[in-house]
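Naming: A, B, ... by sequence-line order, numbering from 1 per chain.
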Amino acid sequence: MTGKDKKINTKSDIRVRFAPSPTGYLHIGSARTALFNWLFAKKSGGSFILRIEDTDMERHMEETISLITDSLKWLGVTWDEGPDIGGRFAPYRQSERTAIYNEYAEKLIAAKKAYHCFCSPEKLDDKRKKLAEEELYFKYDRECLKLTEDRILQNIKVGLPFAVRLKVPDDKDIVFKDTVYGEIKVNSNILEDFIIIRSNGRPTYNFSAAVDDILMEITNVIRGEDHLSNTPKQILVYEALKKDIPVFTHLPMILGADGSKLSKRHGSISIEAYRDDGFLPEAIDNYLALLGWAYDEKTTVFSIEELIDKFSIEAINKKPSKFDYEKLLWLNGFYLRSKDDSIITALLSEKLKILGVPVIELNSKLPKIIPLIKERIKTINQAQEIVRPFFFDINYPDDIKDYFSGSAEETKKIIETAAASIAKIKEFTISNIESCLRVLAQGLNISFKKYAETIRAAVWGSKVSPPLFETIEVLGMKTTIERLKQFSSLLIDIL
RNA sequence: GGCGCAUUCGUCUAGUGGCCUAGGACAUGGCCCUCUCACGGCUAAAACAGGGGUUCGACUCCCCUAUGCGCUACCA
């Protein structure tokens with residue numbers, strides 16, 4: 001309405017959460033979910049909560065928690081409350097909240113909205129299988145709902161293991177409005193009395209997530225579309241507890257290039273892997289934002305600030321998207337090109353140090369090298385490859401003779417004249433190297449194109465290289481001449 | 001099987017009944033720049049899943065079909 005109603009970047013009561021299960025690294029899809037939650041929180045001036053959903057101790061792997069938090073931090077997704085920093089509603093690990101879930105389950109039992117179930121998983125399984133043979137679907141038959149109070153007490157007393165089931169109301173339409181998918185209506189009859197507390201005392205997902213979202217005062221639930229079908233169950237928990245439901249926003253899935261669920265078959269799917277492969281976090285963030293969201297009809301590049309500024313839940317679309325590695329690569333290259341040389345230098349230095357290049361050599365060469373390769377790389381790892389001949393001896397490939405088009409005689413002449421003339425250059429500058437080589441080519445009446453391809457093969461061992469004169473300048477007179485001679489002797493063998 | 005959701009160029013998408021001869025980006029082809037490769041510029045090819053309605057008019061609304069995906073666990 002009026003300007004003062006606009007609440008951007010001021011504190012608001014909006015509270016969102018990212019709730020990963022620590023079963024592995026942070027993958028693409030989860031990262032997108034985290035990003036959208038974070039963008040929404042930033043945009044609305046709300047709080048972003050990190051909660052670890054580790055209720056299944058068998059699947060849970062402790063080490064992966066730091067894997068996930070490290071990746072989030074790398075992406076720039078920061079949290080206001082979480083397991084490591086605490087907050088008003090601590091603890092933020094569900095494994096530390098078992099007593100809370102049990103307390104709420106007890107309340108529900110007392111209110112006759114949930115009940116003890118002594119059926120063993122094996123027994124249930126048998127029933128399921130039997131019905132499956134007739135192509136029928138098993139829905140829990142409420143056997144334990146019929147148990148008398150005395151019987152239940154007796155069972156508990158003798159130590160019979162039990163789970164707790166939520167009593168799902170009969171024939172009730174569960175309706176909610178998803179901000180992306182619109183109104184969703186499901187009849188409760190298709191739902192069984194699902195388990196909320198397992199026989200080991202731990203809650204199941206649909207219960208712990210709902211309870212925590214209530215307790216942590218989550219206002220907006222933003223998560224993957226795979227949870228859309230679970231939402232009615234959680235709403236039932238909200239209703240049983242007499243609480244208002246939050247605003248639900250489900251995000252379309254991210255699929256592999258072939259349209260199937262994104263998996264290792266499709267290449268790297270962990271954020272960690274992209275970091276190791278030399279991607280920039282801003283490129284990943286930007287790319288992820290484009291999956292299921294668009295600002296207008298032409299903009300594709302967004303800085304984090306622009307993303308926060310322009311992001312809106314309303315603009316999220318419903319269509320599942322396929323992960324396009326090529327486009328990510330292009331974006332990363334784009335960001336790399338826009339970066340200050342010093343940033344690329346720092347990133348590349350790290351990689352090169354590991355390969356054993358002395359820091360002093362790095363410091364002297366890299367400032368000259370970066371401008372030469374900046375427009376030729378899409379990742380830092382590609383930079384590492386491209387830059388190799390500047391730091392290590394080269395091996396000529398077996399098909400090296402296909403790299404130049406002249407005759408053996410001609411090639412030999414080119415190499416020899418070059419070696420002799422280059423050795424005489426007084427000041428080893430780019431322009432002196434250029435004029436030296438151009439004069440040589442002219443003198444031999446050879447096109448410079450052809451001349452250059454031969455020199456390139458000799459000093460770089462490849463058909464492609466960074467710009468020749470600049471490359472030679474960085475290599476230095478000594479190395480250049482050594483390579484020309486090395487190449488020359490090789491020529492004798494292959495011609 | 002049941003329930004739910006989706007369907008615009010190869011891919012990400014714009015499009016909310018006439019602005020659409022459907023726009024942009026990546027990828028692809030061509031041209032230019034050029035010592036190679038890139039970068040950059042120009043340019044080309046490329047889509048409304050199918051069938052019914054509704055309407056003067058449908059990419060846009062409704063129905064059906066097809067296809068895909070998700071949920072249907074004492075996984076999350």
Side-chain angles (χ1 to χ4, degrees), chain A residues 19-23 53-56 58-60 94 117 119-121 124-125 128 132 134-139 161-165 178 180-182 184-187 189-192 194-200 202-206 208-209 223-233 250 252-253 255 257 259-261 287 290-301 317-331 333-334 337 373-378 386 403 434 437-438 441 447-453 455-457 460 462-469 471:
Chain A
S21 173
T23 53
E53 307 221 325
D54 53 353
T55 56
D56 183 352
E58 281 174 30
R59 281 165 44 113
H60 147 222
Q94 295 192 325
C117 174
C119 301
S120 70
L124 262 14
D125 235 31
R128 229 189 307 271
E134 298 169 54
E135 293 191 325
L136 255 29
Y137 180 72
F138 174 72
K139 177 179 156 187
F162 64 87
V164 178
R165 286 181 187 272
D178 184 274
V180 171
Y181 292 94
I184 307 285
K185 185 159 79 176
V186 168
N187 189 279
N189 284 348
I190 63 154
L191 266 22
E192 66 173 0
F194 60 93
I195 290 175
I196 56 175
I197 302 285
R198 303 176 173 95
S199 52
N200 66 6
R202 302 223 176 236
T204 55
Y205 165 74
N206 284 309
S208 59
R223 71 218 321 184
E225 192 263 352
D226 47 343
H227 290 290
L228 192 62
S229 301
N230 281 142
T231 307
K233 291 185 193 169
H250 288 90
M253 297 275 94
L255 310 171
S260 69
K261 197 174 148 200
Y287 180 70
L290 260 20
L291 259 22
W293 175 83
Y295 175 65
D296 59 16
E297 60 177 33
K298 40 192 60 167
T299 320
T300 52
V301 177
N317 63 262
K318 312 174 196 205
K319 191 190 160 196
S321 47
K322 293 174 187 163
F323 186 77
D324 183 2
Y325 184 75
E326 291 299 325
K327 189 155 184 174
L328 207 211
L329 259 187
W330 173 80
L331 254 181
F334 180 88
R337 266 173 260 138
I373 62 161
K374 203 172 177 178
E375 289 177 347
R376 277 157 247 267
I377 54 169
K378 292 207 165 81
I386 235 179
Y403 288 18
E434 170 161 13
L437 294 180
R438 285 199 192 272
S447 75
F448 184 71
K449 216 176 173 63
K450 193 184 258 187
Y451 196 89
E453 86 188 358
I455 299 295
R456 172 173 292 113
W460 202 253
S462 169
K463 262 191 257 200
V464 303
S465 76
L468 231 209
F469 318 124
T471 297

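With the nearest nucleotide of RNA chain B identified for both A:A452 and A:E135, A:E135 has the one nearer the 5' end.
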Exercise for the section: Sugar-phosphate means primed atoms, P, OP1 and OP2; the rest is base. With that split, encode nucleotides 71-76 of chain B 5' to 3' as B, S or - using protein heavy atoms under 4.0 Å. Expected result: SSSBBB
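Nucleotides B:G52 and B:C26 are separated by 38 Å at their P atoms, to the nearest Å. Look at the P atom in both B:A47 and B:U67: the space between them is 24 Å, to the nearest Å.
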Tabulate protein N/O versus nucleotide N/O from nucleotides 21-31 of chain B, keeping only pairs under 3.5 Å, one per line.
unit_1, atom_1, unit_2, atom_2, d
B:G23, N2, A:E297, O, 3.0
B:G24, O2', A:K298, O, 3.3
B:A25, N3, A:K327, NZ, 3.1
B:C26, O2', A:K327, N, 3.4

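Across all strands shown, the partner of B:G1 is B:U72, judged by Watson-Crick or G-U wobble contacts whose two distances both fall under 3.5 Å. Nucleotide B:U54: unpaired (no Watson-Crick or G-U wobble partner with both distances less than 3.5 Å). With a cut-off of 3.5 Å on both Watson-Crick or G-U wobble distances, the partner of B:C9 is given as none. Nucleotide B:U60 is matched to nothing when pairs are restricted to Watson-Crick or G-U wobble geometry with both distances under 3.5 angstrom.
Comparing atom distances between the A:A294 side chain and each of B:U36, B:C3, B:U13 picks out B:U13 as nearest.
Distances shorter than 4.0 Å separate none of the side-chain N or O atoms of A:K449 from OP1 or OP2 on B:C35. Phosphate contact (OP1/OP2 of B:C12, side-chain N/O of A:K319, threshold under 4.0 Å): present.
Here A:S321 lies in heavy-atom contact (under 4.0 Å) with sugar-phosphate atoms only.
The minimum heavy-atom distance between A:E192 and A:K139, with the atom names listed, is CB-CG, 3.5 Å.
Listed by chain and number, the residues in a side-chain contact (heavy atoms from CB on, under 4.5 Å) with A:A209 are A:R51, A:E53, A:Y205 (sequence neighbours excluded).
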